[in-house]
J.: 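I have a structure I would like to understand better, so I am pasting it below and will then ask my questions one at a time.
Heavy-atom basis, side chains included; hydrogens, waters and symmetry copies ignored. In this text, all values refer to a predicted model and were calculated from it rather than measured experimentally.
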Number of protein chains: 2
Amino acid sequence: MGAPPPLSRRHPPRGGDTPLRPKPAATPDDAPPGGTGRGRITIAEVARRCGLSVATVSNALSGGGRMAEGTRARVRAAADALGYSASPAARGLRLRRSWTLGLVIPDIANPMYGEIARGAAEVLEAAGCHLLVASHDSCPERQARHVRNLLRQRVDGVILQPWSSRDEEVPAMVAAGLPLVLLARRHLSQPTDHVTIDPRAPLLEGLRHLAALGHRRIAITLMGGRASTSAEERLETYRGFMERQAGGPEEGLIVRLARADLESGRAAVPALLAARPTAIVASNDLLALGIREGLHAAGLRVPEDLSLLAVDDTYLSALPGVELTSLELPKRQIGEAAARLILERIAEPGRACESIVLPARLAVRRSTAPPRPAG
Amino acid sequence: MGAPPPLSRRHPPRGGDTPLRPKPAATPDDAPPGGTGRGRITIAEVARRCGLSVATVSNALSGGGRMAEGTRARVRAAADALGYSASPAARGLRLRRSWTLGLVIPDIANPMYGEIARGAAEVLEAAGCHLLVASHDSCPERQARHVRNLLRQRVDGVILQPWSSRDEEVPAMVAAGLPLVLLARRHLSQPTDHVTIDPRAPLLEGLRHLAALGHRRIAITLMGGRASTSAEERLETYRGFMERQAGGPEEGLIVRLARADLESGRAAVPALLAARPTAIVASNDLLALGIREGLHAAGLRVPEDLSLLAVDDTYLSALPGVELTSLELPKRQIGEAAARLILERIAEPGRACESIVLPARLAVRRSTAPPRPAG
DNA sequence: GCTTTTTGGTTAATCGTTTAATCATCTAAC
DNA sequence: GTTAGATGATTAAACGATTAACCAAAAAGC
């Protein structure tokens, strides 16, 4: 703990007295006595306290460089005695990273996506990253705007559940070298990392459940406009099943929707009823609840008049008085998987694209029952 | 549009040839031909394109400095021809701002807070800021951790719905000069900006509604542990009403809870039933739904056996089969008001603290009815 | 004892902006 | 024809961190 070494600087500190020395944004309320004026403790402060150069402190804290273990410990101690933490702006500038990721989802009001966000945030936080969440509400312009915003913000990567499988943002982001993970649908022309739910087995389980109850006229909703790989896979599975089990699919039973929330569920009821189904498979819980509301308004009861099968199994479908039969998706795991994928790609940008397929299982509740005898 | 001026540099560019010139983190996949390699267009690029100095470009884009209007326009054109946008890290470093705000809420799974976040995000986005959302799940340690994280991230301010009215983080943040807006409760010893709901009129309206139906034994739940200014105000209103209308308050009818979600609603049912109420006023929708579930499990029906009055009026309470009577809060507006407050304080740190009180109104649905004759 | 290697640091450049201070140049004034 | 003022752009110094290159002193090799 001797006096700091005399610092024999060989190079003079650049010119006797420099003429220009502005002091930008000199906050009037600067650090009081020795106050921790808003985390203003810089690495230089720590260096001064240790009688070392900032470079050494940086090395000590980052674990790099050769140095005496004693020094490293001393620096560490001083750093957290002062409550030092590196300025993200400064290291971001130098390292060209923001430690911030973007998550763009269809609907922030849907608890499904809340859970996904929670899973992703947890994994990212453990890796020292932050998550910016944005909801595009199934509006392509909003999606584009959010992506632009995130790019401006220089996020290190984006997790996106895209509106459709041919959104232009996707190839653009990949071309710009931005790590990208898609949720649910893939992109038609641009391979990317990707997390999805097995589109076949769980849906088949649901359809079999309905068929076992005696349903033959089963309607299904599909999301994502004309172009969604996940919707197409669902459709394929549905068609295959209907052909084998129920005298062929009928186009009127297939209803394509632009959004999957309460409102569009209510609005979809006339289209759904047109083909006189005895059961409906909805794309998610919220949509199912909207449909259910529309059915009630039309004087139809679930499941007495019509069975309803949802997807997601958020806590909504378990509420007393609601009790939807639903395909339970591993929501947290979806978020976690996406976060892990994007961290891996950031670490190793050249790797091949990976697709993670997660399972789902049927949670039978009270929205499905045998069809009315009168069909 | 002439050739770039000959740049008569009076000061030579420092030393014939500088010895040290490291190239940190030289990404192998550098900008291809003239590619926009991940938004890498810097202000220097724009300056070169215009034959101007970076300073001039900066001034032109920021609107500062004296300059020919023609130049300004030329720079603007070049900037968005190149798709330039300033690096947040660089300007953050220079300007000591991050253009990022933190929002710390009790429960991300509660749609109430989703709406608040949406409102806040909208106002902030318009001001060019971003929002980092974190959920403390009514756990003081999580709250402390999130606040620490946000400080490390150097957010420009925090919007917090604190766990209690004596959390240590609050005075600490104020002392550090960090703009702070509290939601719902105030802090006991530290004045701050603050957004809340009128704790009297709406609750009184709800209580009168129940009293008019014939209820005298009305239970109420209170959040925030022992110390929450909002809970105390609610309690005061409740006590006053009960004294006038219902033969004095009874301590057993007052139930204090640590968290307000489905799970703790279910768990609170025995405590709530102990004093044999005919109606229950729950602190929010989610808690009310949990209570409702617990009551169902105990063989009691709402509203036939017990009336239930919720607060928040999220879309949950409007679902068919749920239909809770609830106090409708202006959720979006809460978020918007908080965002505006924090922006104002950032702009003018010295101003006096402001408290914004928003109204609420009763949405009567089907969870309230006259008490059973057999009381 | 002199050179080489190792150890434990330091220096200076750099990331991309902003901005106070400065400076050329052109115009108006005396 | 100087001088003074405006005008319009430039210079260079920050902001706070990281890191390649360098270097002094101690240890090792011959």
J.: Can you tell me which nucleotide in C:dT17, C:dT10, D:dT10 comes closest to the side chain of B:I43?
T.: C:dT17
J.: Backbone N or O of B:D167 within a donor-acceptor pair of the B:H187 side chain at under 3.5 Å?
T.: yes
J.: In whole Å, I'd like the distance from the CZ atom of B:R97 to the C1' atom of C:dT19.
T.: 17 Å
J.: Which of these nucleotides, C:dT18, D:dA17, D:dC15, is closest to any side-chain atom of A:Y84?
T.: D:dA17
J.: Send over the distance from B:L61 CG to C:dT17 P, rounded to a whole Å.
T.: 10 Å
J.: Starting at atom CH2 of B:W99, determine the distance to atom C1' of C:dT17, rounded to an integer number of angstrom.
T.: 9 Å
J.: Do any N or O atoms of the protein come closer than 3.5 Å to N or O atoms of nucleotides 6-8 of chain C, and which pairs are they?
T.:
| residue | atom | partner | partner atom | Å |
| --- | --- | --- | --- | --- |
| C:dG8 | N7 | A:R66 | NH2 | 3.2 |
| C:dG8 | O6 | A:R66 | NH2 | 2.4 |

J.: What nucleotide among D:dA17, C:dA12, C:dT17 has an atom nearest to a side-chain atom of A:A86?
T.: D:dA17
J.: Would a distance-only check, ignoring hydrogens and angles, find a side-chain to backbone donor-acceptor pair under 3.5 Å from A:R154 to A:R152?
T.: yes
J.: Using the closest heavy atom to pick a nucleotide of DNA chain C for each, name whichever of B:S62 or B:A90 lands nearer the 5' end.
T.: B:A90
J.: Between B:A89 and B:N59, which residue's closest nucleotide on DNA chain C lies nearer the 5′ terminus?
T.: B:A89
J.: Heavy atoms only, 4.0 Å cut-off, all strands: where does B:S87 land among base, sugar-phosphate and nothing?
T.: sugar-phosphate
J.: Please give, in whole Å, the distance from C:dG16 P to B:L82 CG?
T.: 15 Å
J.: Whole angstroms only, please: what is the CZ-C1' distance between B:R154 and D:dA17?
T.: 11 Å
J.: Would you confirm whether A:R97, through its side chain, and A:D156, through its main-chain N or O, come within 3.5 Å as a donor-acceptor pair?
T.: no
J.: Using a strict cut-off of less than 4.0 Å between a Lys/Arg side-chain nitrogen and an Asp/Glu carboxylate oxygen, indicate whether B:E125 and A:R145 qualify as a salt bridge.
T.: yes
J.: Using atom CZ of B:R48 as one end and atom P of D:dA9 as the other, report the distance to the nearest whole Å.
T.: 19 Å
J.: Looking at A:T56, does any N or O in its side chain come under 4.0 Å of the phosphate oxygens OP1/OP2 on C:dG9?
T.: no
J.: Given 3.5 Å as the limit, does a donor-acceptor pair link the side chain of A:T100 with the main chain of A:V155, or not?
T.: no
J.: Over how many whole Å does the gap from A:R91 atom CZ to C:dT14 atom C1' extend?
T.: 16 Å
J.: Which one, D:dT19, D:dG16, D:dT10, comes nearest to the side chain of A:L95?
T.: D:dT19
J.: Whole Å only: how far is the CG atom of A:L93 from the C1' atom of D:dT18?
T.: 10 Å
J.: Assess whether one donor atom and one acceptor atom, taken from the side chain of A:R94 and the base of C:dT14, lie less than 3.5 Å apart.
T.: yes
J.: Would you check if there is a donor-acceptor pair between the side chains of A:H194 and A:E354 at a distance under 3.5 Å?
T.: no
J.: Please determine if a side-chain N or O atom of B:T42 lies less than 4.0 Å away from the OP1 or OP2 oxygen of C:dG16.
T.: no
J.: Flag the pair A:D193 and A:R340 as a salt bridge only when some basic side-chain nitrogen lies within less than 4.0 angstrom of an acidic carboxylate oxygen.
T.: no
J.: Measuring to OP1 and OP2 of C:dT18, would you say a side-chain N or O of B:R96 lies under 4.0 angstrom away?
T.: no
J.: Are there more than 12 heavy atoms of other residues, nucleotides or ligands under 6.0 Å from atom CZ of B:R345?
T.: yes
